[in-house]
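Reviewing the structure listed below.
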Number of protein chains: 2
Amino acid sequence: MTTPRERRYRIREQQIIDHARRIAEAEGWSAVSTRRLAQEIDHSQPVIYQHFRNREHVVAAVVRQGFAELTELIREHAQQADAPLESLCWSYLNFSWQNPALYEAMFTRPTALEFAAENTPAELRDSFEALVEVIGNEAGMKTYDDAAALTEFFWAACHGLASLHLAGRIPARQDQVARLCGMIRIYSSE
Amino acid sequence: MTTPRERRYRIREQQIIDHARRIAEAEGWSAVSTRRLAQEIDHSQPVIYQHFRNREHVVAAVVRQGFAELTELIREHAQQADAPLESLCWSYLNFSWQNPALYEAMFTRPTALEFAAENTPAELRDSFEALVEVIGNEAGMKTYDDAAALTEFFWAACHGLASLHLAGRIPARQDQVARLCGMIRIYSSE
DNA sequence: ATAATGATCTATCACTGATAGATTTTCTGT
DNA sequence: ACAGAAAATCTATCAGTGATAGATCATTAT
C-alpha cells in the first residue's frame, strides 16, 4: 500500500540518483552539487536534504546501485563462460572502463559506507559472495576461508589494474589479465 | 648564485608543501585549503598563488616529494634484502600505511601530473625504474619490456592490496604478500 | 470546512578557490 | 644615501559550495 505522495517521493529519489550518476560520468564528481541536482529535478536546493542526509549519502546511493549491477555482471559471466577466471577479470575491467566515475566512487573515493562490517549494505556483500563462489569453484578451494582469501587477492589484483589505469598511472595492457589468471591457475594446482 | 629573496622564496615554498602534507595526514586533503596554508605560514591567502598556479599544484608538489621518498625506499630494501620481492612488497605496503593521505594523492586522487608521458616528472619515472630493476633481476627477465610488464603487474597487485585496505574495502591480511610473491616466483620459473 | 501535518521555498551562514587593484616592501642605478 | 622602478603582499571581492532556520504553501484527515 503506497500513497501517491510516497510514489512521487520514490520516483524523485531515483531521479536524483540517476542524475548524480550521469553528471558524475559526464563531468566528474565535483560537478555533482546539491544545487545542480536540485536544478535537474526542477526543485530548490534544500529538497535534496529531504531525501539524503548530506551529499555523501547521495554518492552512497549511487554506489549501492553500482554494486548491484556489478553483482549481476559477475553472476552472468560466471555461468556461461568456459574460462570463468578470464571472463570474470575482463568483465570487471570493462565495468571500470565503461563507468569510470561510478567505479571511482565504489572503490577509491572516501565513502560513508562500511565494508565487511555488520551494517554493510546487502549489495556490497552480494558482490563479494558472487566472486567467492566463482573463484572457489575455479581454483578448487576446500574451505570458504581459503576461497575468500584467494578472492580478496584476485579482487585486489583486478582492482589494482583497473585503478592504476583509470588514474592514468599505467597504460592499458591486455596481457596482464592472462598473466593474473595464469598465475592463479598454476598456483591453485600446486 | 642565489639572492636572499630567492632563498626566502624557496624556503617558504617548501614550508607550504610540508604543511600541506602534515595537514592532509592529520585531517584529510579536504582540510588543505589555500586559506589554511596561508595561515600556517603567517601570510595572506593570495600568497599561495605566488608559488603555485592553483590548489592542485600544491598537491602535485607533495606527490613529487612522495615519489622521491618511495624511490629511496625501493632502492634501500632492494640492495640489502635476501628476499627482495617480499621486502619490496612489505616496504610498499608500509609506505601506504604510514602515509595514507600521501599515498592517496600519489595513486588514487585525480591529479594534474601525467604518468608515463613525455612531461612526466623525474621523481615518478625513477620510482618505476627502481622497481623494474628489482623485479627484472629477481624474476630473471631477459628483455626490459618483459621486466617492465611484470613490474606493472607486481605494482598493480601491491597497489590493489594497499588501496582496498586504505579505503576500508578489505581487512589487512598478511598472507596476501606471501601469496603474491610465491605466485611471481613460480610463474617466472616456468 | 477546518485543523494538523508534511513538503517546499527563500534567505542565510560559513566556507571554498581564485582574481583585481591598491599598497607596501625590496631592489637597483645613480 | 636616495629616488625611481620593480616586485611582493595585502585587502576586498567574486562566484560557487554544503548545510540549516524559519516562513510559506500544499496535502491530508477529521
Side-chain angles (χ1 to χ4, degrees), chain A residues 1-17 19-63 101 104-105 109-113, chain B residues 1-17 19-63 101 104-105 109-113:
Chain A
M1 179 58 197
T2 61
T3 67
R5 177 179 272 180
E6 287 174 335
R7 280 195 293 276
R8 280 197 297 270
Y9 183 86
R10 283 175 194 167
I11 287 173
R12 199 170 57 188
E13 185 156 308
Q14 190 57 49
Q15 284 179 338
I16 296 174
I17 297 173
H19 279 122
R21 177 170 173 177
R22 183 181 53 76
I23 296 170
E25 294 295 351
E27 305 167 44
W29 282 107
S30 65
V32 180
S33 69
T34 54
R35 282 175 180 80
R36 174 73 180 275
L37 289 174
Q39 175 189 327
E40 298 281 343
I41 61 168
D42 208 49
H43 281 76
S44 73
Q45 182 224 2
V47 166
I48 303 299
Y49 294 85
Q50 290 284 329
H51 294 266
F52 303 96
R53 189 188 316 246
N54 55 37
R55 184 185 178 278
E56 269 313 298
H57 279 68
V58 181
V59 181
V62 176
V63 165
E104 184 193 346
R109 290 177 62 86
T111 177
L113 291 175
Chain B
M1 179 57 196
T2 61
T3 66
R5 175 181 274 181
E6 287 173 335
R7 279 197 294 277
R8 280 197 298 271
Y9 183 86
R10 284 177 192 166
I11 286 174
R12 199 171 57 188
E13 186 156 306
Q14 189 57 48
Q15 284 178 338
I16 296 174
I17 295 173
H19 278 122
R21 177 170 174 176
R22 182 182 53 76
I23 296 171
E25 293 296 351
E27 305 167 45
W29 282 106
S30 65
V32 180
S33 68
T34 54
R35 281 176 181 80
R36 175 73 181 276
L37 290 173
Q39 175 189 326
E40 298 282 343
I41 60 168
D42 209 49
H43 281 76
S44 71
Q45 182 224 2
V47 165
I48 304 299
Y49 293 86
Q50 291 283 330
H51 295 266
F52 302 96
R53 189 189 315 246
N54 55 36
R55 184 185 177 278
E56 268 315 297
H57 280 68
V58 180
V59 181
V62 176
V63 165
E104 183 194 345
R109 289 177 64 87
T111 176
L113 291 175

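Proteins get letters first, then strands, A, B, ... in listed order; numbering begins at 1 in each.
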Interatomic distance where [atom1] belongs to [X] and [atom2] belongs to [N] [whole Å]:
{"X": "A/H43", "N": "C/dT8", "atom1": "NE2", "atom2": "C1'", "answer": "8 Å"}
{"X": "A/N54", "N": "D/dA19", "atom1": "CG", "atom2": "P", "answer": "5 Å"}
{"X": "B/R7", "N": "C/dC27", "atom1": "CZ", "atom2": "C1'", "answer": "15 Å"}
{"X": "B/R5", "N": "C/dT25", "atom1": "CZ", "atom2": "C1'", "answer": "8 Å"}
{"X": "B/R12", "N": "D/dA7", "atom1": "CZ", "atom2": "C1'", "answer": "12 Å"}
{"X": "B/Y9", "N": "C/dC27", "atom1": "OH", "atom2": "P", "answer": "15 Å"}
{"X": "A/E6", "N": "D/dA26", "atom1": "CD", "atom2": "C1'", "answer": "17 Å"}
{"X": "B/Q39", "N": "C/dC15", "atom1": "CD", "atom2": "P", "answer": "11 Å"}

Quick check against the 3.5 Å criterion: does [X] have a side-chain atom that pairs as donor or acceptor with the backbone of [Y]?
{"X": "A/R21", "Y": "A/A101", "answer": "no"}
{"X": "B/Q45", "Y": "B/A38", "answer": "no"}
{"X": "A/Y9", "Y": "A/Q50", "answer": "yes"}

Using a 4.0 Å heavy-atom cut-off across all strands, classify [X] as base, sugar-phosphate, or nothing.
{"X": "A/V58", "value": "nothing"}
{"X": "B/R36", "value": "nothing"}
{"X": "B/S44", "value": "base"}
{"X": "B/R8", "value": "sugar-phosphate"}

- So which nucleotide from C/dT10, C/dG17, D/dT11 ends up closest to the side chain of B/P46?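 Looking only at heavy atoms from C-beta outward on B/P46, the closest nucleotide is D/dT11.
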- Select one nucleotide: of C/dT26, C/dG17, D/dG18, the one nearest the side-chain heavy atoms of A/Y49.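 In terms of side-chain proximity for A/Y49, the closest of C/dT26, C/dG17, D/dG18 is D/dG18.
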- Query: Nearest heavy-atom pair of A/A24 and A/V32: which atoms, and what distance?
  - Reply: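 Nearest pair, atom of A/A24 first, then A/V32: N-CG2, 3.7 Å.
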- Item | Pair B/E40 + B/R36, salt bridge at N-O below 4.0 Å |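 Yes, charged N to carboxylate O under 4.0 Å.
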- Item | Most 5' of A/R35 and A/H51 on DNA chain C, judged by nearest nucleotide |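 Its nucleotide being nearer the 5' end, the pick is A/H51.
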- Query: Relative to the 5' end of DNA chain C, which residue comes earlier, A/Q50 or B/Q45, by the nucleotide with the nearest heavy atom?
  - Reply: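 Per heavy-atom nearest nucleotide, the more 5' residue is A/Q50.
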- Just to confirm, is there a sub-4.0 Å distance from OP1 or OP2 of C/dG17 to any side-chain nitrogen or oxygen of B/R55?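 B/R55 to C/dG17 OP1/OP2: side-chain N or O found under 4.0 Å.
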